[in-house]
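Residue numbers begin at 1 in each chain, while the letters A, B, ... track the order of the sequences. Computed over heavy atoms, backbone and side chain alike; hydrogens, waters and symmetry mates excluded.
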Protein chains: 2
Amino acid sequence: MKNLVQDHLSQTFSALADPTRRAILAQLAKGEASVSDIAKPFLKDMSLPGLTKHLKVLEKAGLITKTREKQWRPCKLNGAALKDAANWMEQYRAFWEESFDRLEEYLKTMAPKVKSKGKKNDRKKK
Amino acid sequence: MKNLVQDHLSQTFSALADPTRRAILAQLAKGEASVSDIAKPFLKDMSLPGLTKHLKVLEKAGLITKTREKQWRPCKLNGAALKDAANWMEQYRAFWEESFDRLEEYLKTMAPKVKSKGKKNDRKKK
DNA sequence: CAGTTAATTAACTAATTGGTTAATTATAGA
DNA sequence: TCTATAATTAACCAATTAGTTAATTAACTG
């Protein structure tokens, strides 16, 4: 009953949050492929309609585009759709590089008891 | 009835696939904060237990760590948990950079009708 | 101890997700 | 036209997600 439509970034990340879908993207990174080409490696684990649903998720997220070629539906990777997600992650790069040393060191220089808690919430101490 | 445990990357991406959780990370990027500090901007839209659940998702994904400080639970961002996701995305960088020009150009040099379809699936043409 | 603040847990619910099988549509080819 | 292949749609189901309210745990404070 809430938030019927996902924002763009959420849609991208949740499309990526599935190993089957990431595998599909990996395959398409090697070139266009039809639905049944894509499906082939998965058909031991999953039905074709199951796979079709995954493709639909990827398509709605803009990560792939499906075209028509006779009775086939060649899909291709649309890497541009990863741009925003990648930019979002980029903001945090500093937190997985060098942050270990620098941030840890910084925290150790602080009084070990007063690290957080208040900051903007110290009211009522009188 | 399947796949009871998510793989690491899926867990990371699905943790990121929610605007509330991304906002929490953004706030923690500015420094440690207690649960109620974090909650404050969201309490007009969501109950505290609702927020606690989001924190639990982030914690399980390793994106934050919760410690204890008297009756508070200071949380801090664990940027290292984004590393694998960022590396995964990195594989596709070529597809959102330069790919527009180069790949489009490449595709246009091909015969416009024979783009895909077969490749490993051309059987039965005799 | 009584009261207050911080946070979590429990129990419930509606919507979404990820899968299925069966049926249907679309195209090609003999 | 009949048949085979390609793919989607429909209808259904179980599990998960994201939220709620109410109750509970934990720690401090006067």
Please report, rounded to the nearest Å, how far the [atom2] atom of [N] is from the [atom1] atom of [X].
X        : N       : atom1 : atom2 : result
Trp72(A) : dT8(D)  : CH2   : P     : 14 Å
Gln11(B) : dT17(D) : CD    : C1'   : 14 Å
Gln71(A) : dA4(D)  : CD    : P     : 15 Å
Lys53(A) : dT16(C) : NZ    : P     : 13 Å
Leu55(A) : dT9(D)  : CG    : P     : 12 Å
Phe42(A) : dG19(C) : CZ    : C1'   : 15 Å
Gln6(A)  : dT16(C) : CD    : P     : 10 Å
His54(B) : dT16(D) : NE2   : C1'   : 14 Å

On DNA chain C, more 5' by nearest nucleotide between Arg21(A) and Arg73(A) is Arg21(A)
Please compare Asp18(A) and Thr52(B) by the position of their nearest nucleotide in DNA chain C and report the one closer to 5'.
Thr52(B)
Step by step, would you call Arg22(A) with Asp7(B) a salt bridge (charged side-chain N to carboxylate O under 4.0 Å, His left out)?
CA-CA 12 Å; Arg22(A) 291 194 304 277; Asp7(B) 62 288; 2.7 Å; yes
Nearest-nucleotide pick for [X], side chain only, options being [options]:
X        : options                  : value
Met46(B) : dG19(D), dT8(C), dT8(D)  : dG19(D)
Arg68(A) : dA26(C), dA7(C), dT20(C) : dA26(C)
Pro49(A) : dA7(C), dA10(D), dC28(D) : dA10(D)

Can you find a heavy atom in the side chain of Ser14(B) that is under 4.5 Å from one in the side chain of Gln6(B)?
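In contact.
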Please examine the side chains of Met89(B) and Leu16(A), heavy atoms only from C-beta on, and report whether any two atoms are closer than 4.5 Å.
yes
Between [X] and [N], does any side-chain N or O lie under 4.0 Å from OP1 or OP2?
X        : N       : result
Ser47(B) : dT21(D) : no
Lys66(B) : dT8(C)  : yes
Lys70(A) : dA7(D)  : no

Please name the pair of heavy atoms, one in Trp96(B) and one in Leu82(A), separated by the smallest distance, quoted to 0.1 Å.
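Nearest pair, atom of Trp96(B) first, then Leu82(A): CE3-CB, 3.8 Å.
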Specify whether Phe13(B) and Trp88(B) have parallel, tilted or perpendicular ring planes, treating 30° as the upper limit for parallel and 60° as the lower limit for perpendicular.
perpendicular
